[in-house]
2 protein chains.
Amino acid sequence: MELELKIKMNEKLFLRDPEQTELGKKIIQYSIQLIHKNGFEAFTFKKLAENIGTTEAGIYRYFENKHRLLIYLTAWYWSWLEYSVAIHNNNIDDPTVKLKRIINLLALTVEDDLKTSHINENILHQIVIAEGSKAYLTNHVSEDNKDQLFKPYKDLCAKIGDIILECNSQYKYPKSLANTIIEMAHFQNYFMKYLPALTDFGNNKDELEIVSFLSDLVFSSIKQK
Amino acid sequence: MELELKIKMNEKLFLRDPEQTELGKKIIQYSIQLIHKNGFEAFTFKKLAENIGTTEAGIYRYFENKHRLLIYLTAWYWSWLEYSVAIHNNNIDDPTVKLKRIINLLALTVEDDLKTSHINENILHQIVIAEGSKAYLTNHVSEDNKDQLFKPYKDLCAKIGDIILECNSQYKYPKSLANTIIEMAHFQNYFMKYLPALTDFGNNKDELEIVSFLSDLVFSSIKQK
DNA sequence: TTATAAAGATAGTAATGCTATCATTCTAAA
DNA sequence: TTTAGAATGATAGCATTACTATCTTTATAA
C-alpha cells in the first residue's frame, strides 16, 4: 500500500502552489537541502535555481521571496507535526501519556515520513530548530499574522494547551507552557549541539536528556496544587 | 555625582573600539535606534552612516559587518544585565528572593541606565527580545563561539544556574533552566505583543503576568522533591 | 486544434555588502 | 613648533542580491 500525504497550505504563502507541479516540489525539496547546508542567510533563489536546474525567475513564480518560503516550510512542518501528534496519540486517553509523547516528538530526532516523498522531515526538523524563529522575528510579523501565516504553529500550541488543561484544569498558563515546551525542545537541542556550555547535557549529547528536562519542567508545573 | 559605566568588551567583536571615539559611540547609539525602528534585516551600514552623518566606509572601520555589530550589542546587553543583577541582588541572602529579582529584571521593562549616556537600555532590551537569538542562530555559530563572542550570555546563565542550585542543590538542570528563564522571558514578551493568541496573557498585556508565569514555572520545578 | 498554463531563456535595475585609495583634520610626542 | 600618526571624510568601484519584465518554447486539456 502506498500512501501520499498532502497538507493544505494557506494560499497567501505562495504565488503558485508548489505541491501542484514537479518544479514546485523540487523547489521545496531542494530549498530544504540548501537551507540546511548553508543556513538561511546564505540561501538565495539564484543558488536554489542552479541546484534545481531552473532559473531564478522560475522560483519567483512560486514564492514572493525567500522569507515567504521559510514561513511556508515552517508552517508545513507545524501542520505535519500536528498530524503526527494526532497519529501518535490516537486511542490514548491519559493526557499525561499524551503530553509525554508530544515531548518525545518535539525533542527527539524525527524520522523521514515516506508519505511525503519530496520532503525530508528529519532535515526540515533541523531547519525549524535553527531557523524557525526567524519566520516570525521580523518587522512585518503583525501583517503576516493577519494573513494567518502562523496558524499552524498556533493550532499546535492550542492542541498542546488543551492537553495540559486535561492534565490539570486549574493550570493558569496552558498556552504559554505549550509554546515553552516547543521552543525549549528546539533551543536545548541547538544549544546542546553548538553552545553546550549553556546546557546540563554535557558531552554525551543525548536527546533523551532534553526529554527528561522538559518532562520534569512540565509535570512539576502542572502537577503542583 | 556623575558616574560613567564602561563595559569591557571582547576585542574580537570590533575592528576599532567604538567606546574610544565619538564616532564609535554614535555608531552604537544610532544602530540601536535604527535596528529597533526598522528591524535587523532592513538595517544597513549605508543607512546607519546617513543617519550619523558619516560614510559607509567609516562604519566598516569599526565593525566587520552588521552581524558582528548585532553580537556586540547583545553581548553588551548581557554584560550590563549581569552587572545590573549584581547590583539588585547586593546584600540579599535568600536565593529565592534573588531568583525572583532576576525574573523581574528579565521580564519587566528596563529603565534607561544614565551611567551609559549613549546607550538606551530600554530600547536595547527590545532589540535583544526581537533580534537577540539571531546573534547565534547562524551557520558560523561554532567559529563565533570559539572566539568567545557569546561569553556574556553564558556568564549570565552560569550565574543564574548557581542561584538555582543555591535554592535546591539537587536540581538536575540548573543551566538549562537558566536559559529557559531568559529565553522565555523574551519570547513571552514578544508573543504577548505580536502573537497574543500564543499566550495566556490576553489583551491586558501586562508584563507582570509573564513574571507570574515564569515564577510558577521555575519555583515549581526547583521546589519539587 | 487551439488556447492557455507552465517553464525556459535572457536582460536589466536598484540596493546591498563590501574593499580600496587618497586627501584632510586632529592630536600628542619630539 | 614641527611633525608623525591616527581618525575621519570623500569618492570610486565591484560582485552579489533581490528582484521585475519580456519573449519564446513546451506541455496539456478542452
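Within every chain, numbering begins at 1; the chains are lettered A, B, ... in the order of the sequence lines, protein sequences first and strands thereafter.
Counting any heavy atom pair closer than 4.0 Å across all strands shown, B/R61 reaches a base atom. Using a 4.0 Å heavy-atom cutoff across all strands shown, B/Y62 reaches sugar-phosphate atoms only and no base atom.
One can place CG of B/L15 at 15 Å from C1' of D/dT8, the figure rounded to the nearest angstrom. Straight-line distance from the CG atom of A/L23 to the P atom of D/dA27: 14 Å, rounded to whole Å. As rounded to whole Å, 13 Å separates atom P of C/dG8 from atom CG of A/L48. Here C/dG8 presents its C1' atom at 13 Å from CD1 of A/I27, a figure rounded to the nearest Å. For A/H67 and D/dT17, the NE2 to P distance is 19 Å, given to the nearest whole Å. In this structure, A/I59 atom CD1 and D/dT17 atom C1' are separated by 15 Å, rounded to whole Å.
A salt bridge does not link A/D144 with A/K12: every distance from a Lys NZ or Arg NE/NH1/NH2 to an Asp or Glu carboxylate oxygen is 4.0 Å or more. A salt bridge is defined here as a Lys NZ or Arg NE, NH1 or NH2 lying under 4.0 Å from an Asp or Glu carboxylate O, and B/K134 with A/E41 fails to meet this definition. With respect to B/E19 and B/K6, no salt bridge is recorded, no charged nitrogen being found less than 4.0 Å from a carboxylate O.
Here the two rings, on B/F187 and A/F187, have centers that are under 6.0 Å apart.
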Check nucleotides 14-19 of chain C for protein N or O atoms closer than 3.5 Å to its own N or O atoms and list the pairs.
residue, atom, partner, partner atom, Å
C/dC18, O5', B/Y60, OH, 3.0
C/dC18, N4, B/E56, OE1, 3.0

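Under 4.0 angstrom from either OP1 or OP2 of D/dT8 there lies no side-chain N or O belonging to B/T55. Checking the phosphate oxygens (OP1, OP2) of C/dG8, a side-chain nitrogen or oxygen of A/T54 falls inside 4.0 Å.
An angle of 10°, rounded to 10°, separates the two end axes of the helix from C/dT1-D/dA30 to C/dA30-D/dT1, each defined over five pairs.
Distance alone, capped at 3.5 Å, is enough to place a donor-acceptor pair between the B/S31 side chain and the B/I27 backbone.
The aromatic rings of B/W80 and B/W76 sit parallel, their planes meeting at an angle under 30°, below the 60° perpendicular limit.
Under 3.5 Å, the side chains of B/Y136 and B/T74 contain no donor-acceptor pair of N or O atoms. For the residue pair A/Q188 and B/N179, a side-chain donor N or O sits within less than 3.5 Å of a side-chain acceptor on the partner.
Across all their heavy atoms, A/G161 and A/A178 have their closest contact at N-CB, 3.9 Å.
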